[in-house]
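What follows is a single structure, written as structure tokens, with notes after it.
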Amino acid sequence: MRGLWLIDGAGMIARSERKIEPADWQHSLREAYTRPLELLDALQLDPAAVGLSASAAAQFAFRVPRPYAALMQPGDPQDPLLRQVLPVTAEDRRAPGELLDPVGDLAAERAPGLLHKYHGRALLLMSGACAIHCRYCFRRNYPYGDSVGIERLNAALDTVAADASISEIILSGGDPLILRDERLAPVLARLAAMPQLRRLRIHTRLPVSIPARITPALVRLLGESRLEPVMVLHANHAREIGPALHAALLPLRHAGVTLLNQAVLLRGVNDDVDAQQTLATALHGAGVLPYYLHLLDRAAGTAHFAVSLRRARFIMKALRKTLPGYLVPRLVREVAGQPYKTPQA
Ligand code: SF4
């Protein structure tokens with residue numbers, strides 16, 4: 001029960017002494033699996049059979065919310081959801097070309113926690129924390145400690161306010177929805193007061209791992225904002241789009257929030273035509289359009305997830321033959337220093 005944030009008399013975000021009760025989704029956050037053996041036990045899996053690595057877990061902590069774990073198939077060591085979150089021995093190997101900052105985030109920092117890579121858009125790192133820890137994460141080594149916090153957030157917002165060329169603000173992280181609605185509200189209010197901004201985009205995996213994160217208060221915040229709201233979910237597999245996420249997204253759709261998805265092409269998770277077809281179809285069923293399919297960013301310890309460009313193009317060709325164009329995501333790679341995501345097919 002930590003304090004609120006609010007807008008003070010000077011129009012800045014400030015701390016309030018008022019305490020608030022945690023919401024349901026925060027209970028799910030607290031009850032997340034943080035020990036791999038506990039999750040493997042729940043899934044009736046032998047740790048020796050899945051290649052569990054204690055050193056990988058020590059490098060990048062294990063964290064899986066129970067609503068996400070409930071979507072996994074017990075007894076299947078190759079479960080595509082489990083593979084995304086389980087620290088395995090393959091992470092301990094270093095491959096040529098792997099980097100701590102594979103997409104050049106640090107070079108794009110205009111102020112601590114504010115990245116400016118592309119024309120008209122700027123990205124705020126709202127928090128270094130996530131509900132779920134994805135082993136393929138391109139920011140798994142990002143030095144968030146230097147980027148977040150209320151004072152730095154105000155400084156980053158001042159920088160955005162002073163730049164008339166920025167028309168779209170992107171909230172990212174970590175996961176921006178790790179912040180409670182009471183803390184997001186003053187940030188969104190400051191952003192809405194900047195006349196040059198038109199769109200507010202939120203990149204998040206939190207609704208995928210804890211659908212209850214889509215609260216009525218969040219729906220109101222987005223639906224009533226002066227800014228045009230866009231939410232980009234990060235779902236990689238059709239099984240991540242269960243009935244709870246369906247139900248949670250419906251109010252966002254009714255509130256006029258544009259819902260998109262970006263996925264990462266991951267070996268052993270979604271690197272076949274059927275997995276991509278079913279993902280696209282499941283997304284549309286939930287009111288979400290496939291936006292990007294990313295080739296893996298070469299973050300240290302992620303090489304075992306890499307899919308070749310040749311295979312990626314084969315999958316894309318098959319998708320174009322079988323899906324309507326609006327359900328085919330754009331295959332892209334993020335290249336550090338480039339002015340846009342680089343199309344790959
Ligand atoms: S939710 Fe996103 S930022 Fe967080 S670990 Fe997963 S991929 Fe990385």
Side-chain angles (χ1 to χ4, degrees), residues 50-51 53 56 60 68 71-73 76-105 132-141 203 205 208 232-241 260-283 288-323 325 327-336 338 340-345:
V50 296
S53 166
F60 182 43
Y68 187 84
L71 301 171
M72 296 174 184
Q73 185 66 46
D76 181 4
Q78 301 304 323
D79 181 274
L81 278 57
L82 178 66
R83 284 182 64 93
Q84 293 180 58
V85 296
L86 197 66
V88 293
T89 50
E91 283 183 48
D92 299 326
R93 292 190 284 274
R94 288 292 165 268
E98 286 188 342
L99 297 166
L100 293 179
D101 178 19
V103 296
D105 279 346
I132 187 168
H133 288 179
C134 316
R135 309 313 298 180
Y136 56 85
C137 179
F138 71 99
R139 289 206 180 113
R140 52 182 284 168
N141 300 301
H203 276 253
R205 190 156 158 76
V208 174
V232 183
L233 297 173
H234 291 206
N236 296 314
H237 194 276
R239 288 240 313 280
E240 295 177 335
I241 304 158
L260 304 172
N261 186 66
Q262 74 172 34
V264 184
L265 189 58
L266 298 166
R267 193 197 304 170
V269 173
N270 60 11
D271 61 331
D272 61 72
V273 176
D274 182 61
Q276 289 297 327
Q277 280 175 341
T278 52
L279 174 61
T281 309
L283 286 167
V288 184
L289 282 177
Y291 170 38
Y292 278 147
L293 179 60
H294 273 263
L295 289 177
L296 184 76
D297 299 314
R298 306 192 73 180
T302 64
H304 56 295
F305 284 119
V307 177
S308 71
L309 181 56
R310 183 188 165 99
R311 175 147 189 83
R313 286 179 169 159
F314 167 81
I315 293 169
M316 290 303 296
K317 197 168 175 183
L319 293 183
R320 288 198 187 95
K321 281 184 187 167
T322 52
L323 290 171
L327 289 188
V328 179
R330 277 162 264 180
L331 181 71
V332 292
R333 184 194 294 280
E334 182 166 351
V335 180
Q338 290 301 301
Y340 48 82
K341 302 273 172 74
T342 310
Q344 300 292 303

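Numbering starts at 1 and runs along the sequence shown.
- Counting heavy atoms from C-beta on, the side chains of Arg83 and His237 never come closer than 4.5 Å.
- Pairing each heavy atom of Ala56 with each of Arg135, the nearest pair is O-NH2, 3.1 Å.
- In this structure, OG1 on Thr322 lies 10.0 Å from CG on Leu327, to the nearest 0.5 angstrom.
- A 4.5 Å side-chain heavy-atom check between Asn270 and Leu265 finds at least one atom pair inside the cut-off.
- Under the 3.5 Å distance criterion, the side-chain polar atoms of Arg330 are left unmatched by any main-chain donor or acceptor of Pro343.
- Heavy atoms only, all atoms of each residue included: Val50 and Val88 are closest at O-CG1, 3.5 Å.
- Not counting sequence neighbours, the partners of His203 by the side-chain hydrogen bond (donor to acceptor under 3.5 Å, both in side chains) test are Arg201, His234.
- A heavy-atom distance below 4.5 Å is found between the side chains of Arg239 and Gln73.
- Across every non-hydrogen atom of Pro77 and Leu82, the tightest pair is O-CD2, 4.0 Å.
- Leu99 places none of its side-chain heavy atoms less than 4.5 Å from the side chain of Asp101.
- Side-chain atoms of Gln84 come within 3.5 Å of backbone N or O of Pro80 as a donor-acceptor pair.
- By the 4.5 Å heavy-atom criterion applied to side chains, Tyr340 and Val332 are not counted as neighbours.
- Salt bridge Arg205/Glu240: present, at least one basic N to carboxylate O contact under 4.0 Å.
- Within a 6.0 Å sphere centred on CZ of Phe314, other residues, nucleotides and ligands contribute 12 heavy atoms or fewer.
- Looking only at side-chain heavy atoms (C-beta outward), Leu323 and Thr281 come within less than 4.5 Å of each other.
- When side chains are defined from C-beta on, Tyr136 counts as touching Asn236, because their heavy atoms get closer than 4.5 Å.
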Please tabulate, for the side chains in residues 292-306, all donor-acceptor contacts under 3.5 angstrom to protein atoms that are two or more places apart in sequence or on a different chain.
| residue | atom | partner | partner atom | Å |
| --- | --- | --- | --- | --- |
| Arg298 | NH2 | Pro96 | O | 3.0 |
| Thr302 | OG1 | Ala299 | O | 2.6 |

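- Heavy atoms only, all atoms of each residue included: Leu283 and Asn261 are closest at CD1-ND2, 3.5 Å.
- Of all non-hydrogen atoms in Pro329 and Leu319, the two that sit nearest each other are CD-CD1, 4.3 Å.
- Applying the side-chain hydrogen bond (donor to acceptor under 3.5 Å, both in side chains) criterion to Arg333, with sequence neighbours excluded, gives no partner residue.
- Shown here is Arg310, whose CZ atom has no more than 12 heavy atoms of other residues, nucleotides or ligands within 6.0 Å.
- For Val307 against Leu266, the heavy-atom pair with the smallest separation is CG2-C, 3.8 Å.
- From Asp271, atom CG reaches atom OG of Ser308 across 9.0 Å, with rounding to the nearest 0.5 Å.
- Once rounded to the nearest 0.5 Å, the distance linking CD1 of Ile315 with CG of Asp274 reads 11.0 Å.
- Distance check, rounded to the nearest 0.5 Å: CD of Glu91 to CZ of Phe60 gives 8.5 Å.
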